[in-house]
Amino acid sequence: MGSTSTRRDWILHLDLDQFIAGVELLRHPELRGRPVVVGGSGDPTQPRTVAATATYEAREHGIHSGTPLRTALRRCPDAVFLPTDPPAYEAASARVMAVLRDFPVRVEIWGWDEAFLGATTDDPETLAADLQRAVHTRTHLDCSIGIGDNKHQAKLASGLAKPAGIHRLTSDNWATVMNERPTHALWGIGARTAAKLAALGLHTVAQLAAADPADLAARFGPTNGPWYRYLALGKGEAEIVTTPWIPRGHSREITFQHDLTDRADIDHHLTTLAEHVTHDATTAGREITKVTVKVRTTPFQTRTRQSTLPAPTTDPATITRTALAILDRHDLTRPVRLLGVAVDYTMPPTTR
DNA sequence: TCTGGGGTCCTAGGACCC
DNA sequence: TCTGGGGTCCTAGGACCC
């Protein structure tokens with residue numbers, strides 16, 4: 001078997017199907033088959049709260065991740081609403097990743113429900129099927145697996161494989177599968193960029209692949225422009241990095257159910273956020289180099305102001321004082337809907 | 001559809017220095 | 001004296017992703 005196949009390197013992308021909903025249905029098996037919406041504290045009457053995810057049954061009612069819970073309730077009064085439980089998702093994710101590490105593959109974790117795998121084999125489909133079976137047996141969660149020559153191809157392939165399937169997208173079938181799809185189908189081209197490309201007459205992947213890199217650079221910048229064409233050609237990063245990701249920064253933000261107008265109130269909430277972020281940084285053993293304060297006012301206008309610190313610090317009083325000083329540079333004449341504090345971390349030398 | 005929270009990277013313009 | 005360039009840092013915002 002496999003006498004005509006070549007043993008070579010592959011990139012696999014594993015994507016857990018409906019991860020959050022899947023974890024919740026394991027805890028609440030009686031809800032299987034019902035429309036379930038997960039988000040916020042699980043109270044669908046709360047304003048300014050959106051769905052983190054929705055089961056397929058809920059999606060049939062037009063409920064998706066990002067749908068306001070109050071809208072979801074209106075569209076499907078029979079839906080079950082559950083609060084989000086990040087520690088539970090963290091734990092389930094760790095169990096899945098442990099399964100992957102038992103295979104002879106290099107594992108690069110991409111968030112709770114995704115991982116890229118580097119494998120050397122003559123039969124990636126069999127490997128993928130073995131992975132799916134092991135994940136299901138040990139965690140009762142389903143996943144889709146994409147097979148490619150690089151991360152971009154593998155990522156798109158796992159999307160094509162859903163639900164619970166396996167799909168191979170390599171340079172051999174790239175043009176056949178992708179050429180007539182819209183540029184938005186590429187990983188890294190969103191609605192805004194797709195619209196700008198369309199304005200240049202570039203609607204499909206094939207059209208983008210044939211575009212002049214210099215024209216793209218002039219329109220989108222020296223890095224992004226040529227990169228878009230690169231994506232359209234099916235190229236991408238193929239290196240699996242197994243060392244843990246080192247975060248560049250950290251942030252906390254809060255949308256208030258009722259707008260803040262009292263300055264003392266605003267100061268108080270900003271102080272709490274700053275203390276929270278500093279505590280997170282200290283827990284992670286990181287130093288802070290820059291502070292950004294984000295303010296969203298009515299009508300949904302978002303502004304940021306930032307300050308680079310004279311020296312890296314972990315001192316809560318310094319961060320709080322800096323955040324309050326930055327807040328002074330914001331226009332606070334309109335009611336405040338959201339406050340956020342973000343910090344940049346010192347990066348250790350020679351990191352990627 | 002009255003619009004969350006947490007990330008990453010890129011760009012453009014200005015300041016400042018040589 | 002009308003006027004160089006390059007390099008780096010900083011800031012604000014845009015875009016994308018899950």
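Naming convention: chains lettered A, B, ... in sequence-line order (proteins, then strands); numbering from 1 in each chain.
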Scan A/Gly111 against the nucleic acid and name what it touches under 4.0 Å (heavy atoms): base, sugar-phosphate only, or nothing.
nothing
With rounding to the nearest 0.5 Å, note down the distance linking CG in A/Asp142 to CZ in A/Phe19.
12.5 Å
For the rings on A/Trp187 and A/Trp227, is their centre-to-centre separation under 6.0 Å?
no
Whole-Å distance between C/dA15 P and A/Ile189 CD1?
14 Å
With distance as the sole criterion, is a donor-acceptor pair present between the side chains of A/Thr121 and A/Arg8 under 3.5 Å?
no
Quick one: label A/Thr71 by what it contacts on the DNA or RNA (base, sugar-phosphate, nothing), any heavy atom closer than 4.0 Å.
sugar-phosphate
Would you check if A/Glu24 and A/Asp85 make a side-chain contact, meaning some heavy-atom pair closer than 4.5 Å?
yes
Between A/Asp43 and A/Ser41, a side-chain donor and acceptor under 3.5 Å
no
Is there a side-chain contact between A/Leu233 and A/Trp174 (heavy atoms, below 4.5 Å)?
no
Looking at C/dC18, B/dG4, B/dC2, which one has an atom nearest to any side-chain atom of A/Glu114?
C/dC18
A/Phe300-B/dT3 aromatic stacking (under 5.5 Å, under 30°):
yes
Closer to the 5' end of DNA chain B via nearest nucleotide, is it A/Glu253 or A/Pro68?
A/Pro68
Side-chain H-bond candidate by donor/acceptor type, A/Asp15 with A/Ser144, under 3.5 Å
no
Side-chain N or O of A/Arg337 less than 4.0 angstrom from OP1 or OP2 on B/dC2?
no
So A/Ser307, base contact, sugar-phosphate only, or nothing? Heavy-atom distance under 4.0 Å.
sugar-phosphate
Categorize A/Arg70 for me: base, sugar-phosphate, or nothing, with a 4.0 angstrom heavy-atom threshold over every strand shown.
nothing
Tell me the interatomic distance from A/Asp113, atom CG, to C/dC17, atom P, rounded to whole angstroms.
15 Å
Any A/Lys294 side-chain nitrogen or oxygen under 4.0 Å from OP1 or OP2 of B/dG5
no
Find the distance A/Arg296:CZ to B/dG6:C1' and express it as a whole number of Å.
13 Å
Atom-to-atom span, OH of A/Tyr89 to C1' of C/dC18 - whole angstrom
14 Å
Using whole Å, report how far CD of A/Gln306 lies from P of B/dG14.
17 Å
Regarding A/Thr302 and A/Arg296, is there a side-chain donor-to-acceptor distance under 3.5 Å anywhere?
yes
A/His64 NE2 - B/dT3 C1' separation (whole Å):
15 Å
Would you give a per-nucleotide map of nucleotides 7-13 of chain B, 5' to 3', where B means the base has a protein non-hydrogen atom under 4.0 Å away, S means only the sugar-phosphate does, and - means neither?
SSSSS--
Do A/His152 and A/Tyr230 have ring centroids that are under 6.0 Å from one another?
no
Nearest whole angstrom, please: distance from the P of C/dC18 to the NE2 of A/His13.
8 Å
Starting from P on B/dC2, measure out to CZ on A/Arg48 and report it in whole angstrom.
13 Å
Between A/Asp344 and A/Thr289, a side-chain donor and acceptor under 3.5 Å
no
What does the 5'-to-3' dot-bracket notation of DNA chain B look like when only Watson-Crick and G-U wobble pairs under 3.5 Å count, and pairs to other strands show as |?
....||||||||||||||
Under 4.0 Å, heavy atoms only, any strand: does A/Trp112 hit a base, just the sugar-phosphate, or nothing?
nothing
Out of B/dT1, C/dC17, B/dG5, which nucleotide sits closest to the side chain of A/Thr255?
B/dG5
